[in-house]
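Since the structure comes first, as structure tokens, the remarks are kept for the end.
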Amino acid sequence: MQGDGDHRPDRRNQPVSTRGGGKEVPLPGDGSKLPGSLDEVEGLLRESRARLAQAEKMAELGNLVAGIAHEMNTPLASVSSNTDTIALVLQKLNGLIVSEFPDESSPARRRFEEALSIAAESLRTSRLACDRILRLVGALRGFARHDDLRMQKADLHAVIESTLALVAHELKGRIKVVKEYGDLPEIECYPDQLNQVFMNLLVNAAQAITGPGEIRIRTSRDRDMVRISISDSGSGIPAELVSRVFDSGFTTKKAGEGTGLGLSISNRIVQSHGGRIELDGGAGRGATFTIVLPVRTTGERKTNEH
Amino acid sequence: MNTDTPRPSLLILDDEEMVLTSLRNLFRLQTEYEVIVHSSAREALESARTRPVDLVISDYLMPEMDGITFLGRFKEIQPQSIRVLLTGYADKENAIRAINQVGLYQYIEKPWDNAELLIVVKNGLEKRQLLRTLEEKIAELAKVNTNLKSLQTALLKAFL
């Protein structure tokens with residue numbers, strides 16, 4: 001399964017502390033030697049600052065999104081409720097028409113029924129549309145929320161689905177999502193954080209595919225562990241890069257596209273759950289990231305549970 | 001519904017008119033309840049002083065005061081009313097804390113499900129009705145007890 005031994009963040013990298021909330025911004029490069037000239041140090045510092053600014057921008061964007069989702073909730077609640085109420089009104093009207101025009105072939109009854117069926121069909125579409133927005137807004141609110149720090153039992157399939165709802169627009173039409181869901185027990189976790197992990201892996205998978213393609217999500221249980229693998233039909237990750245993809249700051253994307261933090265954050269989140277992320281670079285046939293998580297987490301984190 | 005008991009009554013408070021319209025229409029269509037709606041907490045409290053209701057539903061996040069403060073004040077005016085809080089997702093924790101604070105009967109999350117909301121309200125009204133019946137029975141018992149006591153006194157007097 002694993003392409004190459006150890007994929008944890010490369011400890012040889014010397015982290016440079018910044019004042020921004022204690023996040024570590026490592027020096028790029030292989031880190032095996034310290035930079036030489038002052039120019040070089042300045043360059044690295046500039047780069048670190050740029051990354052930090054980018055991370056801050058993402059955090060701001062997250063807050064903005066959460067705020068918008070929150071604002072949308074009340075009008076959406078009203079629309080959703082009205083949709084159901086109107087459906088009941090139409091049912092009532094239908095009953096009235098049947099009793100007022102007992103003759104099924106009467107032109108009046110036909111005209112009423114015709115109008116009602118149009119209204120009912122339009123309303124069904126509204127219901128579906130509304131459900132989709134509800135899911136999306138629900139996912140956005142859940143996603144951006146970081147205040148709930150309790151571990152809870154969660155259905156990972158539901159967590160994956162809520163993430164899929166968020167990235168749907170990025171995949172639409174271009175990438176097919178194939179789900180092979182196995183039987184998973186509920187696991188003890190921080191669902192919001194896992195959302196973030198799935199989001200990172202799914203967006204990466206989508207970006208790895210040029211043109212049309214496929215993302216395959218497989219889930220299975222293996223004794224006390226659950227495995228969630230996300231494979232893309234892209235060109236895979238070259239063997240020489242496989243050991244570095246989890247390093248923070250490592251990115252192959254252009255500035256503005258990636259922060260180089262996604263996979264390292266994902267890795268940290270999964271490790272804090274007592275799990276690991278395995279990577280099969282795929283040797284040119286698409287990469288597979290597999291998240292392995294324990295069903296029950298042991299140790300101090302359990303004490304967070306109420 | 002029994003015809004000789006008055007219609008159950010609700011008061012709904014939300015600063016968003018669209019929520020009030022949605023809820024009022026839902027109850028108009030599906031129930032026989034008498035529904036009073038308010039978009040201002042102060043007006044709702046004013047109305048509470050003169051008009052008893054069986055159940056009150058309040059939004060949480062409002063400009064004048066939050067839903068828990070409102071329900072607390074409402075409870076002082078009408079202690080016997082059943083109290084329901086309508087909350088956004090982010091306010092859930094507060095709602096749970098409020099259960100003891102204002103004797104909250106239930107909280108409902110926005111966006112609510114019509115069918116679920118109707119059941120919560122129906123059960124709340126049933127509880128209110130049961131409590132009222134209980135009060136009446138206790139009052140009856142007390143009355144019978146007093147009668148018995150005076151009868152006993154009369155009996156004792158007659159024999160002594």
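Chain letters run A, B, ... following the sequence lines, proteins first and then strands; every chain starts at 1. What's counted below: heavy atoms across the whole structure, side chains too, no hydrogens, waters or symmetry copies.
With sequence neighbours left out, the salt bridge (Lys or Arg N to Asp or Glu O under 4.0 Å) criterion links A:Lys179 to A:Glu161. Taking A:Arg110 as the reference, nothing meets the salt bridge (Lys or Arg N to Asp or Glu O under 4.0 Å) condition, with sequence neighbours excluded. Not counting sequence neighbours, the partners of A:Asp84 by the salt bridge (Lys or Arg N to Asp or Glu O under 4.0 Å) test are A:Arg127.
Remark: B:Arg132 CZ is packed, more than 12 non-hydrogen atoms of other residues, nucleotides or ligands lying under 6.0 Å away. Enclosure of atom CZ in A:Phe112 is not indicated, since only 12 or fewer non-hydrogen atoms of other residues, nucleotides or ligands lie within 6.0 angstrom. Sparse packing is recorded around CD of B:Glu116, with 12 or fewer heavy atoms of other residues, nucleotides or ligands lying under 6.0 Å away. The 12-atom threshold is not exceeded at CG of A:Asp183, counting heavy atoms of other residues, nucleotides or ligands nearer than 6.0 Å.
Side-chain contact between A:Asn82 and B:Asn25 is absent, with no heavy-atom pair separated by less than 4.5 Å. Counting heavy atoms from C-beta outward, B:Gln30 and A:Thr85 have side chains that stay 4.5 Å or more apart.
For residues 9-23 of chain B, heavy-atom neighbours of chain A at less than 4.5 Å comprise B:Glu16, B:Met18, B:Val19, B:Ser22, sorted by residue number.
For A:Ser81 and B:Asn114, the side-chain atoms include at least one donor-acceptor pair closer than 3.5 Å.
Residue A:His70 holds its NE2 atom at 5.5 Å from CG of B:Leu61, rounded to the nearest 0.5 Å. Note: A:Asn73 CG to B:Thr87 OG1 = 9.5 Å, rounded to the nearest 0.5 Å. Within the model, atoms NZ of B:Lys110 and OG of A:Ser78 stand 9.5 Å from one another, a figure rounded to the nearest 0.5 Å.
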